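Just so you know, these numbers come straight off a predicted model, no measurement behind them. Sequence lines set the chain letters: A, B, ... in the order given, protein chains first and strands last, and positions in each chain run from 1.
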Amino acid sequence: MDLLTTSVATPESDTEPYTLVALDGEADVTNCNALREVLEAEVAKQPSTLIIDLSLLRFMDSSALHVILRANRTMDRQGGVLALAAPRDPVAKMLRLTAADQLLPVYASVDEATAG
Amino acid sequence: MPSDLLPSRSQSLPVPTGDAMYQHTYRTDLSQVRALVLQHAREAGLTEARANDLVLAVSEVAANTLRHTQASGTLSFWRDENEVICEIRDGGTITDPMAGRRRPAADATGGHGLWLVRQVCDLVELDSGASGTTIRMHMAIRTADVER
């Protein structure tokens, strides 16, 4: 089984359409290039909102965070929003310590993220 | 900066008392490194949150082995009634004496690893030279940890 699996969806939405990237497993230096490819491909489609669902992510290191921060920069430039949803405690703490939670919105759930 | 204000670069760290209770050589299997640290930290009596702090710290240091060296690294693990120590030893060299001591810019896309290590651990010892780097991460076992 892969250490990290990603799945991409563009759910039907009553309000604004958004892209949902769900991460499952552990994101670290050994798989952050794969994560980068997935995020870059979605960011390139210029969605107005890209939500990364972290609810099944058990671990994230600084390499994976940097991939997300780079995607966030590009989304910013394009006038879109990248949001994180449902981080587990260890991931939430890491986002806090790096102050990444000051750079991009972090929501308790995907529902809250879509409500914006 | 006067050289005596720089951290010791040449002498190696004093060895913790007792033999390392566990040693593990790793290269790309960081997930296994994390699982081992989590298991030992829990057994030593750290709370889940502090066990996960130690997992993050060790994983960040072990990731540097992959990034900056061509060889494997060694994880050693000690514990006594007061603390848990995880040590990562590899062939890399850290030349910046301030490594991890300054908060990276919020939007920096590098340099968070050692910063995180220093944030979550109770004590971090670092010894680096031409022959390699040893980083020892200490987590105190607090009374509150054991009682929980």
* Could you look at B/Ala108 and say if it's the side chain, the backbone, both or neither that has a heavy atom under 4.5 Å from chain A? => backbone

* Under 4.5 Å from a heavy atom of chain A, the part of B/Asp107 involved -> both

* Got a second to check how far A/Asn72's CG is from B/Thr109's OG1, nearest 0.5 Å? -> 11.5 Å

Between [options], which has the largest tally of heavy atom pairs under 4.5 Å with chain A?
options: B/Glu60, B/Gln119, B/Glu48; result: B/Glu60
options: B/Leu66, B/Asp53, B/Thr28; result: B/Asp53
options: B/Ala49, B/Gly111, B/Gly110; result: B/Gly110

* To do: Apply the side chain to side chain contact (heavy atoms under 4.5 Å, CB included) test between B/Leu30 and each candidate in A/Asn31, A/Val29, A/Leu3; give the one that qualifies.
  => A/Val29

Test of understanding: clusters of I, L, V, M, F, W, Y form through side-chain heavy atoms closer than 4.5 Å, transitively. Do [X] and [Y] belong to the same one?
X: A/Val21; Y: A/Tyr18; result: no
X: A/Leu57; Y: A/Val110; result: no
X: A/Leu54; Y: A/Val8; result: yes
X: A/Val43; Y: A/Val81; result: no
X: A/Leu20; Y: A/Leu39; result: no

* Asked: Should A/Lys93 and B/Leu56 count as side-chain neighbours, where that means a heavy-atom distance under 4.5 Å?
  -> no

* To do: Grab the two heavy atoms, one from B/Arg103 and one from A/Thr98, that are nearest each other, plus how far apart they are.
  => NH1-C, 4.2 Å

* Asked: Which atom pair, heavy atoms only, marks the closest approach of B/Arg67 to A/Ser62?
  -> NH2-OG, 4.3 Å

Heavy-atom contact with chain B under 4.5 Å, split by part of [X]:
X: A/Asp61; value: both
X: A/Leu97; value: both
X: A/Ala100; value: neither

* In terms of heavy-atom contacts, does CG of B/Asn82 have more than 12 from other residues, nucleotides or ligands at under 6.0 Å? -> yes

